[in-house]
Amino acid sequence: MIDIDIHHPVIKALAALLLLILWRRWAPVSYWYLFVFPRKAVWLRWSWRHVASGCGLTKKRQRWWFTTIPGLVASTGVVRVKRRFQRVAVDTKPWMGLPWPTRNGFRITFHLLDGQVPDDYAKVCERLAHAWRIEAVRVVGSRPGRVTLQGITQDPLTHVAPAEPPTEPSTGWSADDLLRPIVGVLETGAAWRMDFRLIPHWINVGATQSGKSNLLNALIVSLSPQPVAMVGFDLKGGVELSVYGPRLSALATTREQCLDLLTDLITVMGSRMLACRRHGVRDIWQLPDTLRPIPVVILIDELAELFLTADKTEKDQVTRTATALLRIAQLGRAFGIHLLLSGQRIGSDLGPGVTALRAQIGGRVCHRVNDPETAVMTLGDLDPDALVAARSIAPEMPGVAVITGADGRWYRARSGYVSTEAAERAAHTFADLTPSWAQVAASGLGHELPANGNPELAA
Ligand SMILES: Nc1ncnc2c1ncn2[C@@H]1O[C@H](COP(=O)(O)OP(=O)(O)O)[C@@H](O)[C@H]1O
Ligand SMILES: [Mg+2]
């Protein structure tokens, strides 16, 4: 029989190693908080001077300093060291707050040096990530004189829980959530809210199978319980959106229907404009609750189909469609009419007016794309790093996208998986909340509406 001395240092070390491996395997959260993070935090503080200097975040400052000057005493030839108090230029590093652990990494606040802005930190995020040996670094907040960075040690987008559609008609949203649906998670671990109140229109771009329709499903699921009207444009013969029919106030599946519906929407916008003028307010959100018209979210799948032309007569239709969309994009925000345009690319090659339309749309979602130009087209001059992030989305991670956040910065995010069936179920569950088109149109005319926002208007 082999005699094992359990007090032997090697055996002890092996046992400790085994314990660590088991701890990491079975309780990764406590392993991170209690074992990895404290060491990381010490190392971050200790190495900050070098890292800051390497990333160009230090500044030269004049300081009074003791300096040693070797001097030769002429008579004896002996080298004497003299100390003198004099002004020298020294590297100053930004002050680093205590690193704070989060589930997927840590947060640190820095005090900006004179002349620095948060953008200086945003520009060196990739360098910081490499220096800190972590997945990514993002700027997540700033106050005057301060910037907060989030270090991400593991990609939280690898496993995103599928969105759970609410099942009870009475649950699922609060007034604060109105038009601010949660559709997934951000790379920072925070919820990804598509805030239509702040950014009224969005474009949703990506190659096929990149997750565009999934995002649409997620939107339908989280908007369904809210007192909003959804309108669908689906020129693929309605195969994508018609299943959500019970929760749509209108659905257009042919070009003629699209143009008619857009014309109707512009009429609705016009009447809301008049209502606002009558009450002396600038937008519908300043109207009293009982008078506020029902917000409308226009969902357009495959925008390119709207712009395809075969002959001359269609050309006229396309031009009118483009003009109508542009008017909605320009004026819709104030009157509660919001756009979500999905497509493989949204560029001038689709037709006249598309560039102008895109310029009016602040919200950007860029899924995996086939060519760099599409990413540039979608994200514009957001940030070169955003383009790099968009182009490195792997095909095996559908639903991952680079998006504009509520703070105007870009984030990697992933929509929660929502199957067509789940979205269809939500559309049926909340079918009662669907305002009819007549209600949508009438709700801008200044009729008194019940406070729940889903009016049963007397005809
Ligand atoms: N957020 C996501 N999480 C997990 N899987 C997703 C996600 N988004 C999309 N998928 C998967 O990718 C497939 C293609 O997505 P889809 O939304 O239909 O792409 P697109 O409309 O861009 O062609 C879906 O069938 C789904 O299985
Ligand atoms: Mg699709």
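Computed from a prediction, not measured in an experiment: that's the story for all the values here. As the structure lists them, so they are numbered: ligands from 1, and atoms in each ligand from 1.
- The shortest contact between atom 19 (O) of ligand 1 and any protein heavy atom is with Gly211 N, 3.1 Å.
- Using a cut-off of 4.0 Å between Lys/Arg side-chain N and Asp/Glu carboxylate O, Arg292 and Asp289 are scored as salt-bridged.
- Under a 4.0 Å heavy-atom criterion, Ser419 is not in contact with ligand 1.
- Contacts between Arg414 and ligand 1 below 4.0 angstrom, taking non-hydrogen atoms only, involve the side chain exclusively.
- The protein heavy-atom contact nearest to atom 21 (O) of ligand 1 is Ser213 OG, 2.7 Å.
- Not one N or O on the side chain of Ser415 forms a donor-acceptor pair closer than 3.5 Å with the backbone of Gly184.
- Inclusion of Ser342 in the first shell of the Mg ion (ligand 2) is not supported: no N, O or S atom falls under 2.8 Å.
- Checking only distances, Gly416 never comes within under 3.5 Å of ligand 1, N or O to N or O.
- Cation-pi geometry between Arg197 and Trp285 is satisfied (NZ or CZ under 6.0 Å from the ring centre, within 45° of the ring normal).
- Under a 4.0 Å N-O distance rule, the pair Arg409/Asp407 qualifies as a salt bridge.
- Ser415 O, 2.6 Å is the protein heavy atom nearest to atom 1 (N) of ligand 1.
- In terms of protein heavy-atom proximity, atom 27 (O) of ligand 1 is closest to Tyr417 CE1, 3.8 Å.
- Within the listing of ligand 1, atoms 22 (O) sit less than 4.0 angstrom from a heavy atom of Ala207.
- The presence of a protein heavy atom under 4.0 Å from atom 25 (O) of ligand 1 is ruled out.
- Ion pairing of Lys212 with Asp301 is absent here, as no side-chain N (NZ or NE/NH1/NH2) approaches a carboxylate O to less than 4.0 Å.
- The aromatic ring centres of Tyr33 and Phe37 sit 6.0 Å or more apart.
- For Trp48 and Phe110, the ring centers are positioned less than 6.0 Å apart.
- Annotation: atom 14 (C) of ligand 1 to nearest protein heavy atom, Gln209 OE1, 3.4 Å.
- For Glu305 and Lys236, the salt-bridge test fails: no basic side-chain N is under 4.0 Å from an acidic carboxylate O.
- Which of Ser342, Ser210, Pro398 comes nearest to atom 10 (N) of ligand 1 through a heavy atom is settled by distance: it is Pro398.
- In the model, Thr148 has a side-chain atom that pairs as donor or acceptor with a side-chain atom of Thr109 under 3.5 Å.
- Close approach to Thr208 involves these atoms of ligand 1, each under 4.0 Å from a residue heavy atom: 23 (O).
- At the shortest separation from atom 17 (O) of ligand 1 among protein heavy atoms lies Asn214 N, 2.8 Å.
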